[in-house]
Amino acid sequence: MHSSAHDQRRLKRLERELEASRSEIAQAAKEGAKQTFFCRPDAEATAAQIRTLSTAYHHLDVWVEERPRFAPGRPKKNTPRVPVAIDYILCTRIGENQEAIAKRRQMAGCFVLLSNVPADGAGAYSAERILRTYKEQHGIEKNFGFLKDDQIVNALFLKRPERIEALGLILLISLLIWRLIERVMRTELNARQATLPGWDNKPTTRPTAYLVTWKFKGVLILCVRGATPAR
């Protein structure tokens, strides 16, 4: 499975790796180009040695070229310039390992998920749906932050295991009601194509339960026995 956002991050990282690889092999090519040899066997031996230098994504093509060496000074007029010796230099060209780079690009944005959800038949999930479901787990983790709130849990001390279990159940039921408030509000707003004033009175179609309870913070209800509740 591939994720577009995941692809972009990994491809940027791959480009940095390719640049570092090219810089490394370019340094080796520069060092080889500085050398001058007085016989071809020595040049060929060094060229063979440099060819073994490679990185994960680049290699060096190296060949030997002749370079005539002339005596110092200007030659006589109408006299062809005759070399006094032949030197040998190394010429290099940086090549890319296309197969390795293509494989790395393909793997860069690959998002591997192992699931026991069937791909066919009843209850089947596509790879994209599995990825979206996995990505949405941050909402679940955010919900559990409610259960770990220091202001709620730290102030309580329970010794017996059954009381701890009872407290956990109460917190889970509270969380369920909290999220149901949000779900009902958002469903109704979506059905009515309406909005509610959010923070700073900006309209929103996705109000949170905390927002609503905050809006009702200034509402007081006074109940008198035998009378209609007054507000």
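Scope of the values below: all heavy atoms of this structure, side chains included, with no hydrogens, waters or symmetry mates. In this chain, numbering begins with 1 at the start of the sequence shown. Because the structure is predicted, anything quoted here is derived from the model rather than measured.
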Considering residues, nucleotides and ligands other than [X], do more than 12 of their heavy atoms fall under 6.0 Å from its [atom1]?
| X | atom1 | value |
| --- | --- | --- |
| K103 | NZ | no |
| Y125 | OH | no |
| R69 | CZ | yes |
| Q49 | CD | no |
| E99 | CD | no |
| W214 | CH2 | no |

Inset, instruction - Would you sort out whether F38 and D87 count as a side chain to side chain contact (heavy atoms under 4.5 Å, CB included), showing the intermediate values? - result: CA-CA 5 Å; F38 301 108; D87 295 335; 3.4 Å; yes
Qualifying residues under side chain to side chain contact (heavy atoms under 4.5 Å, CB included), relative to [X], sequence neighbours excluded:
| X | result |
| --- | --- |
| I181 | I177, M185, A209 |
| R183 | T187 |
| L196 | L189, P207 |
| A43 | F37, V64, Y88, L90 |

Inset, instruction - Find out whether R67 and T36 are in side-chain contact, i.e. whether some heavy atom of one side chain is under 4.5 Å from a heavy atom of the other. - result: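 Sidechains of T36 and R67: in contact.
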Legend entry - pair R186-T208: side-chain heavy atoms closer than 4.5 Å: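 Yes. Closest side-chain heavy atoms under 4.5 Å.
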Does [X] pair with [Y] as a salt bridge, N-O distance under 4.0 Å?
| X | Y | result |
| --- | --- | --- |
| E19 | R16 | no |
| R13 | E17 | yes |
| R105 | E15 | yes |

So, taking the atom named [atom1] in [X] and the one named [atom2] in [Y], what distance separates them when rounded to the nearest 0.5 Å?
| X | Y | atom1 | atom2 | result |
| --- | --- | --- | --- | --- |
| L53 | E24 | CG | CD | 9.0 Å |
| R22 | T55 | CZ | OG1 | 10.0 Å |
| E44 | C39 | CD | SG | 10.5 Å |
| K30 | S23 | NZ | OG | 11.5 Å |
| T46 | Q35 | OG1 | CD | 5.5 Å |

Inset, instruction - Indicate if L158 and L172 have the same hydrophobic cluster label, given that clusters are the connected sets of ILVMFWY residues with side-chain heavy-atom separations under 4.5 angstrom. - result: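 Looking at the clustering, L172 is in the same group as L158.
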Legend entry - Cluster check I164, I170: I/L/V/M/F/W/Y, side chain < 4.5 angstrom: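 As far as the 4.5 Å side-chain criterion goes, I170 and I164 are not connected within one cluster.
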Inset, instruction - Spell out, as yes or no, whether a donor-acceptor pair under 3.5 Å connects the side chain of R51 to the backbone of V62. - result: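 Looks like yes, one N/O pair under 3.5 Å.
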Legend entry - side chain to side chain contact (heavy atoms under 4.5 Å, CB included) between R104 and L18, intermediate numbers included: CA-CA 10 Å; R104 186 69 177 84; L18 291 175; over 6 Å; no
Closest approach of [X] to [Y] (non-hydrogen atoms, all atoms of both residues):
| X | Y | result |
| --- | --- | --- |
| G32 | I50 | CA-CD1, 3.8 Å |
| I86 | P68 | CD1-CA, 3.9 Å |
| P118 | G123 | CG-O, 3.9 Å |
| K215 | P197 | CE-O, 3.4 Å |
| A71 | R81 | O-NH2, 4.0 Å |

Inset, instruction - Using the side chain to side chain contact (heavy atoms under 4.5 Å, CB included) rule, take I25 and L60 through it: C-alpha gap first, then chi angles, then the decisive distance, then the call. - result: CA-CA 7 Å; I25 205 73; L60 276 178; 3.6 Å; yes
Inset, instruction - Hydrophobic side-chain clustering at under 4.5 Å (ILVMFWY, transitive links): who's grouped with L180? Put none if nobody. - result: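 Reading the cluster by chain and number, L180 sits alongside L176.
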Inset, instruction - Please list, chain by chain and in numerical order, all residues satisfying salt bridge (charged side-chain N to carboxylate O under 4.0 Å, His left out) with E66, sequence neighbours excluded. - result: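 Testing E66 for salt bridge (charged side-chain N to carboxylate O under 4.0 Å, His left out), a comparison that skips the adjacent residues, returns R40.
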